Amino acid sequence: MSVTVQTMDAGSKAIAGETLDALRAKLRGSLCVPGDEGYDPARTLWNAMVDRRPGLVVRCLGASDVVNALKLAREQKLLVAVRGGGHNIAGMAVCDGGLLIDLSLMKSVRVDPASRTARVEPGATLADFDKEAQAFALATPLGINSTTGVAGLTLGGGFGWTTRKLGLTVDNLLSADVVTADGKLVRASQDENEDLFWALRGGGGNFGVVTSFEFKLHPLGPEVLSGLIVHPLDQARELLPAYRRIAKEAPDELTVWVVMRKAPPLPFLPTEWHGKEVLVFAVCYSGDMKAGEKAVQPLRALGKPIADVVSPHPFTGWQAAFDPLLTPGARNYWKSHDFTDLSDAAIGVVLDAVSNLPTPECEVFLAHIGGAMARVPADATPFPNRDAHFIMNVHTRWRDKAQDQACVAWARRLFEATAPFASGSVYVNFMPDDEGDRVQKAYGPNYRRLAQIKRRYDPDNLFRMNQNIRPA
Ligand SMILES: Cc1cc2nc3c(=O)[nH]c(=O)nc-3n(C[C@H](O)[C@H](O)[C@H](O)COP(=O)(O)OP(=O)(O)OC[C@H]3O[C@@H](n4cnc5c(N)ncnc54)[C@H](O)[C@@H]3O)c2cc1C
């Protein structure tokens with residue numbers, strides 16, 4: 001039976017049953033159409049705001065499946081989306097009507113403790129990676145939510161608890177296997193296809209489908225000094241300027257993110273604080289425990305915390321600490337700015353907004369970056385915002401569709417109000433789907449080179465379901 005699939009020019013095309021059977025016969029994985037088993041898991045993303053129905057899904061089990069799926073897409077000029085872990089806020093890992101190349105079943109992680117490297121398939125989550133690498137007390141910098149996909153995170157840059165010590169995720173990428181738009185499987189590294197390798201380290205899914213990532217690993221853990229220090233939000237006007245000084249002077253090993261939200265019912269918080277606005281310092285020290293205790297001391301000495309649960313924790317556990325607040329299935333909308341500094345005025349604007357959160361699950365994150373990542377030249381990879389010291393993510397989250405407008409409007413208001421204090425750049429992986437016109441700004445001076453490399457590797461813009469870089 002034929003299936004109607006959307007084409008790149010927004011038209012549609014009937015793909016004959018024989019064509020589909022021929023593709024099916026070549027696949028190691030499976031071909032799904034609406035109603036088939038596997039169709040819904042493949043199209044369901046972390047952000048429940050996104051509910052798209054592809055015409056055809058190839059659930060890949062290897063690079064050959066990607067090659068075959070892309071061959072059909074090229075020949076029939078189909079709209080293509082590429083899905084890794086399915087976590088991106090913009091939800092462009094799935095397209096409506098087109099061909100979805102689903103990589104989420106490719107989860108292999110192979111660690112080589114001798115060479116301190118890891119080979120990772122594009123469906124692996126941070127938990128998959130960390131569990132494997134931590135068996136050997138090794139790690140590479142990744143994000144803070146263990147269900148996030150390694151693939152999308154890496155292709156956008158990637159930062160987390162160890163970035164100040166070890167750099168961005170892309171600073172630790174050694175090579176990648178990529179199926180390019182013309183269907184060839186190539187290796188990209190410092191010595192092979194160097195321009196493609198450069199573009200992959202922050203340029204998103206614009207240049208091909210990565211079927212394997214090779215990372216450098218570093219000794220870490222298995223325990224790290226980590227945990228939360230929780231204060232009443234009404235102390236934040238005094239605490240945040242002190243935090244700003246501590247964050248500035250922090251050794252590379254020390255990372256302290258700030259979370260402002262209503263307190264979840266955590267067992268170590270007195271019940272009278274559950275549901276009340278709090279300021280949380282989320283602390284991780286990527287080094288020696290004793291040195292960590294000393295480094296954290298000035299932060300611990302601030303104010304009168306409601307709780308302080310900073311102590312040695314398994315790194316894999318700490319990497320999953322925020323998972324319960326970030327489960328899939330909720331409606332989400334994000335807005336983000338980079339900051340080189342946090343002025344008192346910016347702090348005031350954020351705190352006013354946090355006193356009026358539209359739903360109990362909304363929060364504002366201030367990621368603490370810098371250190372090793374800031375010592376890499378801005379043109380060494382596409383990720384240009386190396387001098388950002390804080391990344392604010394306005395994270396609006398709710399359950400009821402009726403709250404869509406109020407939540408999105410709240411995030412946009414805070415975004416506008418903090419814009420005068422921001423540096424102008426933005427982390428491409430924190431951009432929602434309505435910020436296509438911000439892509440050039442996100443890459444700043446690196447955009448031109450990205451557009452030139454895009455022209456070479458994807459002149460027809462086959463890979464367009466992403467924060468799109470147009471071929472020069
Ligand atoms: C709860 C949560 C917490 C987060 N925390 C952090 C954090 O701490 N640090 C951080 O850096 N980021 C963080 N992020 C952002 C995260 O990096 C991005 O959402 C990232 O895109 C997720 O990758 P994924 O594979 O799950 O995404 P997907 O949605 O599957 O993919 C995103 C895009 O990447 C492209 N893509 C994916 N896989 C491939 C591939 N193999 N080849 C080519 N293109 C591909 C596609 O264009 C796709 O649209 C967080 C996101 C969430 C939702």
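Bear in mind the structure is a predicted one, so any value in this text is a computation, not a measurement. Both backbone and side-chain heavy atoms feed into the values below; hydrogens, waters and symmetry mates do not. For ligands, and for the atoms within them, numbers begin at 1 and follow the listed sequence.
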Undergrad: Starting from atom 24 (P) of ligand 1, what is the nearest protein heavy atom, named by residue and atom, and what distance separates them?
TA: Gly85 N, 3.4 Å

Undergrad: Under a 4.0 Å heavy-atom limit, does Trp334 contact ligand 1 with its side chain, its backbone, both, or neither?
TA: side chain

Undergrad: Can you check whether Ser212's main-chain N or O pairs, donor with acceptor, with Asp177's side chain at less than 3.5 Å?
TA: no

Undergrad: Which residue and atom name correspond to the protein heavy atom nearest atom 37 (C) of ligand 1, and how close is it?
TA: Gly84 N, 3.7 Å

Undergrad: List the closest protein heavy-atom neighbour of atom 8 (O) of ligand 1: residue, atom name, distance to the nearest 0.1 Å.
TA: Ile144 N, 2.9 Å

Undergrad: Within ligand 1, which atoms have a heavy atom of Val209 less than 4.0 Å away?
TA: 42 (N), 43 (C)

Undergrad: Taking atom 4 (C) of ligand 1 as the point of reference, which of Leu153, Asn47, Thr148 owns the nearest heavy atom?
TA: Thr148

Undergrad: Against ligand 1, does Phe463 come closer than 4.0 Å with any heavy atom?
TA: no

Undergrad: So, His389 versus Phe339, ring centres under 6.0 angstrom or not?
TA: no

Undergrad: Determine, using heavy atoms of Phe365 and all atoms of ligand 1, whether some pair is separated by less than 4.0 Å.
TA: no

Undergrad: With a 4.0 Å cut-off on heavy atoms, is Ala90 in contact with ligand 1?
TA: no

Undergrad: Within ligand 1, which atoms have a heavy atom of Gly208 less than 4.0 Å away?
TA: 42 (N), 43 (C)

Undergrad: Taking the six-membered ring for Trp, are the ring centroids of Trp257 and His368 within less than 6.0 Å of each other?
TA: no

Undergrad: Can you pull out the closest protein heavy atom to atom 3 (C) of ligand 1? Residue, atom name and distance to 0.1 Å, please.
TA: Asn145 CB, 3.6 Å

